[in-house]
Amino acid sequence: MFIKKDASLVIDILKSIMPEELVNDPDIIVAGGAALNLYMIQLSLESISPVHRAIPIRTFLRTPMVKFSDIDLWITKESNSNYAKLFENVQSTKENRIGKEYKLGNSKLKVLNYSDWATTYYYSIIKNDDLVNYNTPIQCIVKHQNSAEELISSFDLGICSVAIYRGEFIV
């Protein structure tokens, strides 16, 4: 059984650690430690009156509640986004990709690491004529999923059974 819960209180926090166009992409699932961290933050924020939430949100932007090393992304099978195509093309490359940079619109992805299962990127984007670097690596997992529920059923069951998909937590 899965519980669905609105994730609106933490979407701005997610946008502060991950590029907004990826957060807004309806075909991307965020799971793993980052999703668990944001779920814990959501629960904490719900216990605080809306008038007093600004200070804890600023604190959560600086200090995660649950440690995580990267943001794990999965792409759903129906995805047709430019990011999905780029992630797939990079993953299918057989040559050494470490250090290679890829440009998409006003964003830049630099390959940090890769395996048969995933490629990990550092991500930069130009905002208001400034280059913004996101410090948390983004790991795009190769295996496509039919749904967030399918993903949770097969991933990190002992550690993390939380995903963010289309503005909701799925637990």
Side-chain angles (χ1 to χ4, degrees), residues 7 10-41 60-148 150-166 170:
V10 297
I11 293 300
D12 285 340
I13 296 173
L14 186 57
K15 288 177 182 175
S16 76
I17 62 172
M18 186 173 129
E20 188 171 341
E21 52 274 296
L22 289 175
V23 175
N24 293 333
D25 187 330
D27 296 317
I28 290 193
I29 302 168
V30 176
L36 177 60
N37 179 63
L38 290 167
Y39 185 69
M40 300 298 289
I41 290 171
F60 291 137
L61 286 171
R62 291 189 298 271
T63 309
M65 294 182 78
V66 176
K67 296 267 187 217
F68 60 95
S69 59
D70 56 19
I71 301 168
D72 296 316
L73 300 181
W74 279 259
I75 298 169
T76 58
K77 288 184 178 175
E78 69 269 3
S79 177
N80 199 21
S81 74
N82 289 330
Y83 284 97
K85 290 174 188 172
L86 175 67
F87 291 146
E88 286 178 17
N89 288 340
V90 171
Q91 189 62 37
S92 66
T93 302
K94 299 298 180 199
E95 63 190 50
N96 183 354
R97 293 163 272 189
I98 294 177
K100 294 235 181 197
E101 293 185 355
Y102 300 89
K103 192 163 175 22
L104 185 62
N106 64 347
S107 59
K108 182 173 70 169
L109 295 111
K110 184 175 183 177
V111 176
L112 174 65
N113 201 352
Y114 66 93
S115 71
D116 289 341
W117 301 101
T119 301
T120 306
Y121 302 90
Y122 277 130
Y123 193 100
S124 302
I125 190 166
I126 299 169
K127 281 187 177 178
N128 302 325
D129 295 327
D130 291 323
L131 187 65
V132 177
N133 291 312
Y134 290 82
N135 296 324
T136 306
I138 295 171
Q139 184 173 50
C140 186
I141 312 300
V142 177
K143 185 179 180 203
H144 286 263
Q145 300 294 323
N146 288 319
S147 67
E150 177 183 287
L151 168 65
I152 292 172
S153 295
S154 65
F155 171 74
D156 271 357
L157 290 177
I159 300 167
C160 174
S161 295
V162 178
I164 301 170
Y165 182 57
R166 297 189 174 188
I170 301 171

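- Residues R166 and D27 are in side-chain contact: their nearest non-hydrogen atoms beyond the backbone lie under 4.5 Å apart.
- Taking both residues in full, the closest heavy atoms of P137 and T120 are given as CB-CG2, 3.6 Å, listed atom of the first, atom of the second, then distance.
- Of the residues Y83, Y102, F87, the one that meets the ring pair (Phe, Tyr, Trp, His ring centres under 6.0 Å) test with Y121 is F87.
- Scanning all heavy atoms of the two residues, the minimum distance from M18 to I71 falls at SD-CG2, 3.6 Å.
- The distance from atom CD1 of I17 to atom CG of D12, rounded to the nearest 0.5 Å, is 12.0 Å.
- Separating the CG atom in L109 from the CG atom in L86 is a distance of 6.0 Å, to the nearest 0.5 Å.
- Side-chain atoms of I138 and P19, non-hydrogen and from C-beta on, do get closer than 4.5 Å to each other.
- In this structure, the side chain of Q91 engages the main chain of S115 through a donor-acceptor pair within 3.5 Å.
- Contact annotation: the side chain of V30 approaches that of L73 to within less than 4.5 Å [non-hydrogen atoms, C-beta and beyond].
- Shortest non-hydrogen contact noted between E21 and N106 is OE1-OD1, 4.4 Å.
- The minimum heavy-atom distance linking C140 with I75 is given by the pair SG-CD1, 3.9 Å.
- When side chains are defined from C-beta on, Y114 counts as touching N96, because their heavy atoms get closer than 4.5 Å.
- Note that the CD1 atom of I11 and the CD1 atom of I164 stand 6.0 Å from one another [nearest 0.5 Å].
- Side-chain atoms of S81 and D25 include a donor-acceptor pair closer than 3.5 Å.
- Taking both residues in full, the closest heavy atoms of I28 and Y165 are given as O-CD1, 3.5 Å, listed atom of the first, atom of the second, then distance.
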- request: Check the pair L112, Q139 against side-chain contact (heavy atoms from CB on, under 4.5 Å), reporting the backbone distance first and the verdict last.
  value: CA-CA 9 Å; L112 174 65; Q139 184 173 50; over 6 Å; no
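- Residues L38 and V10 approach most closely at O-CG1, 3.5 Å, considering heavy atoms.
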